[in-house]
Amino acid sequence: MSSNDIVRIGMVNFINTAALYEVWKESVHNPAWQVVEAAPADLNRMLANDELDLGLVSSHEYAEHPEKYQILPDLSISATGAVGSVFLFSRRMPERLDGARVCLSAQSKTSNGLIKIILEDFYGVCPIYYQGESDLALDDFQAVLAIGDQALRLKYDGGFPYVLDLGDVWRRKTKLPFVFAVWAISEKFVARRTPCLLAIHQELKRCVYEGRRRLDEISKRVAPRIPMASQDCLRYLQGIELDLCPDKLDGLKVFYENLIRRGEALPQALPIKIWSAAEE
């Protein structure tokens with residue numbers, strides 16, 4: 001096998017990918033398809049630096065570097081309402097966070113961008129933001145943004161009186177779903193016109209379909225990683241949506257419009273470039 005045959009695929013290592021990734025690990029055994037597990041921020045960096053060919057990255061990453069990527073259709077990490085693992089944990093009501101110290105996540109640009117929109121535009125407050133690992137010094141902040149498995153653990157600890165689910169707030173304010181992560185493909189990889197891209201896309205969709213069908217079994221398998229009760233894990237995974245339907249694309253467009261207005265994304269992020277097998 002030559003290096004040109006290798007496809008480097010980035011996969012988020014949180015349990016929110018379990019419905020897809022548990023099936024992939026069981027059933028996809030192509031040695032040329034090399035999966036790299038990491039947090040979203042690490043996958044963002046690796047894809048931007050050509051260390052990956054495609055990967056599940058923060059939606060924000062595409063908006064920052066739209067010239068580098070296309071988005072795979074039909075796939076995402078998203079929610080229509082509460083997502084269950086992207087929370088602002090606060091010692092104050094959100095509308096009282098003006099001037100407060102808020103710790104952002106070191107793991108996801110998308111959630112950081114979203115919480116700024118929520119606090120500043122939806123609640124009308126201007127906190128002081130700090131970037132860092134929020135589990136290192138919780139007492140130093142009035143509010144802490146956490147995502148993924150860390151967010152699930154903090155929620156179960158119950159140490160904060162106010163817990164804001166960012167997906168729920170976005171839905172109530174915009175009437176749209178929110179897309180937290182997309183499957184982005186490097187333009188360089190697309191340019192190689194590698195036939196296996198269609199095969200990878202089909203396998204990802206197959207894994208999602210089978211994983212949703214086996215969600216009860218998968219929930220029992222992954223719940224101990226938090227740890228959480230398997231029924232709580234099932235309810236959580238039922239709220240994680242893995243498609244990219246037209247409503248999701250509308251929600252992504254509105255998010256990108258907000259990022260562009262705030263100077264956090266390039267105008268070229270719109271219209272969104274969706275990869276099509278017909279163009280290969």
Side-chain angles (χ1 to χ4, degrees), residues 1-78 105-113 147-149 179-208 211 240 242-244 252 256 259 265-266 268-269 272-277 279-280:
M1 186 190 317
S2 72
S3 59
N4 288 334
D5 296 324
I6 301 297
V7 184
R8 303 161 300 171
I9 304 170
M11 180 72 72
V12 172
N13 59 0
F14 300 151
I15 68 166
N16 59 12
T17 64
L20 184 164
Y21 193 34
E22 290 300 307
V23 178
W24 177 283
K25 287 187 291 186
E26 288 176 0
S27 60
V28 180
H29 305 296
N30 189 325
W33 298 357
Q34 297 185 354
V35 173
V36 177
E37 296 182 25
D42 295 323
L43 296 180
N44 294 348
R45 174 187 52 76
M46 295 177 72
L47 192 60
N49 292 340
D50 296 322
E51 297 170 24
L52 295 172
D53 298 305
L54 70 153
L56 187 56
V57 299
S58 296
S59 301
H60 198 296
E61 174 64 21
Y62 173 87
E64 278 191 293
H65 305 289
E67 76 285 356
K68 291 187 174 185
Y69 311 122
Q70 293 184 33
I71 291 177
L72 272 178
D74 310 317
L75 298 162
S76 74
I77 297 275
S78 52
S105 171
Q107 298 180 315
S108 173
K109 292 181 180 179
T110 298
S111 300
N112 291 343
I147 71 165
D149 295 359
V179 179
F180 290 91
V182 295
W183 279 91
I185 324 160
S186 164
E187 284 281 17
K188 292 182 180 180
F189 186 63
V190 172
R192 284 162 49 188
R193 296 187 176 274
T194 307
C196 69
L197 182 53
L198 177 59
I200 292 170
H201 185 219
Q202 291 172 335
E203 282 292 85
L204 288 168
K205 291 194 295 181
R206 180 192 64 80
C207 290
V208 168
I240 299 292
L242 302 174
D243 66 306
L244 193 56
L252 194 57
Y256 287 169
L259 293 180
L266 294 178
Q268 293 85 348
I272 300 167
K273 294 184 295 180
I274 304 295
W275 175 78
S276 171
E279 297 173 4
E280 293 298 294

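- Taken from CG in Leu198 to CD in Gln202, the straight-line distance is 4.0 Å, to the nearest 0.5 Å.
- Atom CG in Leu75 sits 9.0 Å away from atom CG in Leu56 (nearest 0.5 Å).
- Ile6 and Arg192 make their closest contact through O-NH2, 4.2 Å (heavy atoms, listed as atom of the first residue, atom of the second, distance).
- Gly113 approaches Leu259 most closely through the heavy-atom pair CA-CD2, 4.4 Å.
- Taking NZ of Lys25 as the start and CD of Glu37 as the end, the distance is 6.0 Å to the nearest 0.5 Å.
- With contacts defined as side-chain heavy-atom distances shorter than 4.5 Å, the pair Phe189/Val7 qualifies.
- Note that CZ of Arg206 is 8.5 Å distant from CH2 of Trp24, once rounded to the nearest 0.5 Å.
- Pairing each heavy atom of Ala19 with each of Val23, the nearest pair is O-CG2, 3.7 Å.
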Begin with the C-alpha distance, continue with both residues' side-chain angles, and end with the deciding distance and a verdict on side-chain contact (heavy atoms from CB on, under 4.5 Å) for Lys68 and Leu47.
CA-CA 9 Å; Lys68 291 187 174 185; Leu47 192 60; over 6 Å; no
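- Interatomic distance, CZ of Arg8 versus CD of Gln34, reported as 9.0 Å (0.5 Å rounding).
- Cys196 and Trp33 get closest at one heavy-atom pair: CB-NE1, 4.1 Å.
- Exactly one of Leu52, Ile71, Ile200, Val190 qualifies for a side-chain contact (heavy atoms from CB on, under 4.5 Å) with Ile185. That residue is Val190.
- Looking only at distances, no side-chain donor or acceptor of Asn49 sits under 3.5 Å from a matching main-chain atom of Glu51.
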Test side-chain contact (heavy atoms from CB on, under 4.5 Å) on Ile9 and Leu54 and set out the steps.
CA-CA 5 Å; Ile9 304 170; Leu54 70 153; 3.9 Å; yes
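- A donor-acceptor pair is defined here as one N or O able to donate and one able to accept, closer than 3.5 Å; such a pair exists between the side chain of Ser59 and the backbone of Val179.
- To the nearest 0.5 angstrom, Gln70 atom CD is 9.0 Å from Leu197 atom CG.
- Contact record, Leu252 with Ile272: CD2-CD1, 3.8 Å, taken as the closest heavy-atom pair.
- Side-chain atoms of Thr17 come within 3.5 Å of backbone N or O of Val12 as a donor-acceptor pair.
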List the steps and the verdict of side-chain contact (heavy atoms from CB on, under 4.5 Å) for Glu67 and Glu187.
CA-CA 8 Å; Glu67 76 285 356; Glu187 284 281 17; over 6 Å; no
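- Considering all non-hydrogen atoms of both residues, Lys273 and Pro66 come closest at NZ-O, 2.7 Å.
- Using cut-offs of 30° and 60° on the angle between ring planes, the pair Tyr62 and Tyr69 is tilted.
- His201 places a side-chain N or O within 3.5 Å of a backbone atom of Pro73 that can act as its donor or acceptor partner.
- The backbone N or O of His60 lies less than 3.5 Å from no partner atom in the side chain of Ser58, so there is not a single donor-acceptor pair.
- The main-chain N or O of Ser105 is found under 3.5 Å from a side-chain atom of Asn112 such that the two form a donor-acceptor pair.
- In this structure, Ser76 contributes its side chain and Asp243 its backbone to a donor-acceptor pair below 3.5 Å.
- Remark: of the listed residues Asp74, Ile77, Leu204, Ile77 is the sole one forming a side-chain contact (heavy atoms from CB on, under 4.5 Å) with Leu242.
- Under a 3.5 Å cut-off, the side chain of Asp149 and the backbone N or O of Ile15 do form a donor-acceptor pair.
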